[in-house]
Student: 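So that we are looking at the same thing, I have put the structure below in structure tokens.
Each ligand, and each atom within it, is numbered from 1 in the order the structure gives.
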Amino acid sequence: MKFPFREIFPPLTVFYVLVAYILASLLWWSMLHIRKNKAEFENQTTIMRLMAERKGISSEGVMNSLEYKEIEDKLARQNRMIYGEGAIFLLILFIGAYQVHSGLRKEIALNRQQRNFLLSISHELKSPLSSIKLTLQTIIKRQLDPERARGLINNSLKDTERLAGLVDNLLMAAKLDGESVDFLPEDLSVNSVVEEVMAHYENKSDRPRKIELKLGEGLYVPGDRMALLTIVSNLLENAIKYSADGDLIGAQTFKSGNKVMIRIYDTGIGITDLEKTKIFGKFYRVGNEDTRQTKGTGLGLFLVRQLVHLHKGEIVVSDNVPKGTVFTIQLPSAESIVRSDSEMPRSQTVS
Ligand code: ADP
């Protein structure tokens, strides 16, 4: 059995103890040197005074002598050296400690993320596969009526879609890591992308949500259709995932200056201010994998932000009122194109 070294001596604790020990010994050695130098100075000056007394020279005369001044200067020089070297040592120690500390914290966070990712990805792969397997076994073993069989097959189709979505996200993340993304930039109608994703979720969402769509007029961006679909569908999937039955989910598109804005909002559980700064991190998921109820891998928002940045855009997250979350994406608009605008301004609410 491997000795549980890291559990018994957690790296961060060992590091803090080490830094505290180095600081304490630095202080101790400096004080020791200063005291020794002072003692040596006092010894030398006492001898000088005794010798001077024999020669009948007053103690004031000794203190004004060149020899005394030299010894005094030497003490001051030695003390300056101790303070100077101590300060440089302290500076180097702080820089080194800071680097090691942030490296250790990053390693710990990475380990936690890796563990969370492995747990979540195995769960994400296993549950649809088990359910598809069960469906196929049921269909083979039993004589089901066509209606029931269709229901089961539809569920399996949803599972395969989930698997395909997961694999797409993983592939996209790998591509973005390797910076080998082949985008086919075209002038895209933002509304058509949002509508396509919305229609998809309206059809497949088994949990009842109120869905709201507010689409602006003539909104085009230069971009890759697949990438934009990934952005919107990841945000919409999260809006559904992190809200409850009866909550409102919405998408809004509009223009602000020369920017096209896409807003996906919900009235779900919301995100704390602290978490808002972290959720775009790769594999980052709020909470703990052992206790979390929702499915996911922590890749969705990472991909969304990377893709938005690749389109020279920005994404911000804010609180919805009275509760929930709003994700607002800002993309440069494709002003130059001439189009027979097939898009009409629309505003619709589907329940
Ligand atoms: P996940 O696969 O966990 O959904 P994401 O990268 O898509 O990963 O999201 C990261 C985290 O951000 C999620 O674990 C969730 O806690 C939080 N989050 C994302 N979208 C929302 C939302 N609309 N409402 C509340 N929390 C959200």
Student: Check for a donor-acceptor pair, side chain of Asn320 on one end and backbone N or O of Asp266 on the other, with a separation under 3.5 Å.
Tutor: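 Side chain of Asn320 to backbone of Asp266, a donor-acceptor pair under 3.5 Å: yes, one is there.
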Student: Could you tell me whether ligand 1 has any atom less than 4.0 Å away from a heavy atom of Lys241?
Tutor: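 The answer is yes, since Lys241 has a heavy atom less than 4.0 Å from ligand 1.
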Student: Sorted by first residue and then second, give each side-chain hydrogen bond (donor to acceptor under 3.5 Å, both in side chains) pair with at least one member in residues 84-101; sequence neighbours left out.
Tutor: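 Every pair satisfying side-chain hydrogen bond (donor to acceptor under 3.5 Å, both in side chains) with a residue in residues 84-101: Tyr16-His101.
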Student: At under 4.0 Å between heavy atoms, is it the side chain or the backbone of Phe280 that contacts ligand 1, or both, or neither?
Tutor: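 Phe280 to ligand 1: no contact under 4.0 Å from either part.
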Student: Compute the shortest N/O to N/O distance between Gly298 and ligand 1 and return yes if it is under 3.5 Å, no if not.
Tutor: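 By distance alone, the answer is yes.
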Student: Check this for me - ligand 1, Thr297, N or O atoms closer than 3.5 angstrom, yes or no?
Tutor: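 In this structure, Thr297 places an N or O atom under 3.5 Å from an N or O of ligand 1.
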Student: Heavy atom to atom 4 (O) of ligand 1, shortest distance: which of Phe302, Tyr242, Tyr284 holds it?
Tutor: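 Nearest option to atom 4 (O) of ligand 1, by heavy atoms: Tyr242.
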Student: Looking at Gly216, is its backbone amide N or carbonyl O close enough to the side chain of Thr253 to form a donor-acceptor pair, meaning the two atoms are under 3.5 Å apart?
Tutor: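 Confirmed, Thr253 side chain pairs with Gly216 backbone.
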Student: Within ligand 1, which atoms have a heavy atom of Leu301 less than 4.0 Å away?
Tutor: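 Answer, ordered by atom number: 5 (P), 6 (O), 7 (O), 9 (O), 10 (C), 12 (O), 19 (C).
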Student: State whether the side chain of Asn234 and the backbone N or O of Thr230 hold a donor-acceptor pair below 3.5 Å, judged by distance alone.
Tutor: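 Yes.
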Student: Test your reading of the model: is there a side-chain donor-acceptor pair from Glu124 to the backbone of Gly296, 3.5 Å cut-off?
Tutor: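 Judged by distance alone, yes, a pair lies under 3.5 Å.
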Student: How far apart are the closest heavy atoms of Tyr68 and Met63, and which atoms are they?
Tutor: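 Looking at all heavy atoms of both residues, the shortest contact is CD2-O, 3.5 Å.
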Student: Nearest heavy atom to atom 3 (O) of ligand 1 wins, so pick from Arg285, Glu275, Lys278.
Tutor: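 The option holding the nearest heavy atom is Arg285.
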Student: Met51: which other cluster members, linking ILVMFWY side chains closer than 4.5 Å, directly or transitively?
Tutor: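 Joined to Met51, directly or through intermediates: Ile47.
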Student: Side chain, backbone, both or neither: which applies to Val286 and ligand 1 if a contact is any heavy-atom pair less than 4.0 Å apart?
Tutor: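 Answer for Val286: both.
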Student: With heavy atoms only and a cut-off of under 4.0 Å, state how Val304 meets ligand 1: side chain, backbone, both or neither.
Tutor: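 Contact part for Val304 vs ligand 1: neither.
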Student: Using a 4.0 Å cut-off to any heavy atom of Gly296, which atoms of ligand 1 qualify?
Tutor: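 Taking each heavy atom of Gly296 in turn, ligand 1 has 2 (O) under 4.0 Å.
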